[in-house]
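One structure below.
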Amino acid sequence: MQVESFQEVVDHLSEGVVIMDENRTIHYLNQLADKMTRWQVGEKVPYCSYCQLREVAPGEERCLLVREETLPVFQAHMPTYKGLKESFQMSTSSIVLDGHKYIILILRNPKWSYEEQDQKVRHLLIQETMKAEESERKRIAMELHDHIGQSIYSVFLGLQTFKHSLRDEKYKNHLVNMENQIEQTLEDLKRLSKELHPSTLDHLGLARAINNAVQEWENMYQVTIETDILDIGKNLVPREVALHVYRVIQESVRNAVHHGKADIIRIVLDLKENRLYFQVFDNGIGFDVEEKRNTSLGLYHMLERMEIVGGELRCFSKKGGPTRLEGYVPLERSS
Ligand SMILES: Nc1ncnc2c1ncn2[C@@H]1O[C@H](COP(=O)(O)OP(=O)(O)OP(=O)(O)O)[C@@H](O)[C@H]1O
Ligand SMILES: [Mg+2]
């Protein structure tokens with residue numbers, strides 16, 4: 001194996017690796033050790049909290065790590081770049097290269113790995129829940145549109161054939177009212193199934209799906225929605241990114257109306273340096289973003305959605321308004 005490839009392998013280990021000599025001078029740090037400690041090659045490994053305090057016999061080496069014996073596992077606090085004494089699990093072994101003794105120090109930060117694992121599991125759970133939620137929404141939308149919608153439409157056609165054979169005006173009027181009600185129900189079903197899963201997103205892509213939805217939202221919420229939407233080709237935006245960005249914009253519009261009481265909303269969709277950029281502005285009453293950041297599910301889910309696709313999201317608002325939500329998603333990473 002080439003030396004460079006071997007170094008890459010060591011860089012990808014889940015432990016920090018430090019190679020030092022008997023004077024504790026550092027000769028090598030892998031990426032994780034560098035991130036954990038920010039010690040420098042050429043510097044000396046600092047004494048851990050234990051070695052700083054322990055009683056040392058005359059002539060005895062203070063640092064336990066450079067003693068003759070291999071240390072299986074040892075836990076102590078080490079000064080790191082944060083200036084804090086981080087708790088590390090350490091183990092050592094030694095090798096002799098070209099007649100010089102080197103000590104290999106393996107570092108593991110139990111807190112880090114626990115927090116990292118915890119965060120990974122949390123993201124995975126949310127990601128899987130959102131996936132399941134989306135596929136369930138899609139199933140319900142199809143069921144509403146294809147099954148229930150078609151059944152109601154058959155009833156509507158059946159009533160129409162009756163209408164022609166009716167002589168009594170009273171019954172005829174009654175039937176016309178029923179027809180109107182059924183038509184309205186069919187419209188509502190269509191709108192609901194689009195809200196649940198915009199099929200235009202799959203067929204026409206993000207930009208056109210938003211343009212279509214804007215007309216629905218204007219009617220439904222009785223607001224003016226101004227748009228500046230670049231007609232981005234469907235294939236430029238991966239399906240997963242399109243779906244998450246669509247959901248974030250959908251939630252922002254709903255928030256602008258329900259919470260902000262806005263009557264003008266502006267949606268921008270653009271491409272900037274191979275990043276998808278979007279903005280939702282509303283002229284509503286605004287809110288204290290810090291106050292709501294950790295307590296509101298809608299905002300939290302928007303942030304999670306952006307994290308899933310490797311994007312960023314910022315919300316600018318203050319009491320009295322206005323509110324502006326702005327996000328970027330890199331397109332290279334997710335394609
Ligand atoms: N555009 C906005 N204008 C004014 N206030 C907002 C806006 N967006 C969010 N908020 C405030 O932030 C809070 C949290 O919004 P969030 O969308 O997270 O709530 P939610 O959990 O989705 O509930 P809901 O379904 O009612 O929106 C709202 O209760 C509101 O006070
Ligand atoms: Mg909300």
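As the structure lists them, so they are numbered: ligands from 1, and atoms in each ligand from 1. For the numbers below, each heavy atom of this structure counts, side chains included, while hydrogens, waters and symmetry mates do not. All values reported here derive from a predicted model rather than from experimental measurement.
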**OP:** Please check if the side chain of Asn30 supplies one atom and the backbone of Glu15 the other of a donor-acceptor pair under 3.5 Å.
**Re:** yes
Pair up each side-chain donor or acceptor in residues 173-184 with any protein partner under 3.5 Å, not counting sequence neighbours, and list the distances.
| from | atom 1 | to | atom 2 | distance (Å) |
| --- | --- | --- | --- | --- |
| Glu179 | OE1 | Lys163 | NZ | 3.1 |
| Glu179 | OE2 | Lys163 | NZ | 3.4 |
| Gln184 | NE2 | Asp188 | OD1 | 3.1 |

Original post:
Taking the inter-plane angle between the rings of Trp217 and Tyr246 on a 0 to 90° scale, is it parallel (under 30°), tilted (30 to 60°) or perpendicular (over 60°)?
Top reply: tilted
Original post:
In terms of ring plane angle, is the pair Tyr153 and Phe156 parallel, tilted or perpendicular, where the classes change at 30° and 60°?
Top reply: parallel
**OP:** Could you name the protein residues that come within less than 4.0 Å of ligand 1, counting only heavy atoms, and order them by chain and residue number?
**Re:** Glu251, Asn255, Ala256, His259, Gly260, Asp282, Gly286, Phe287, Lys292, Ser296, Leu297, Gly298, Leu299, Thr323
**OP:** Could you tell me the separation between the CG atom of Leu276 and the NE2 atom of His244, rounded to the nearest 0.5 Å?
**Re:** 13.0 Å
Original post:
Looking at CG of Leu204 and CG of Leu206, how far apart are the two atoms once the value is rounded to the nearest 0.5 Å?
Top reply: 11.0 Å
**OP:** Would you mind listing every side-chain hydrogen bond (donor to acceptor under 3.5 Å, both in side chains) that reaches into residues 314-325, with sequence neighbours excluded?
**Re:** Glu312-Arg314, Ser317-Thr323, Arg324-Glu326
**OP:** Please say whether more than 12 non-hydrogen atoms of neighbouring residues, nucleotides or ligands are located less than 6.0 Å from CZ in Arg137.
**Re:** yes
Original post:
What protein N/O/S atoms are found closer than 2.8 Å to the Mg ion (ligand 2)?
Top reply: Glu251 OE2, Asn255 OD1
Original post:
How far apart are the closest heavy atoms of Trp39 and Asp34, and which atoms are they?
Top reply: O-OD1, 4.0 Å
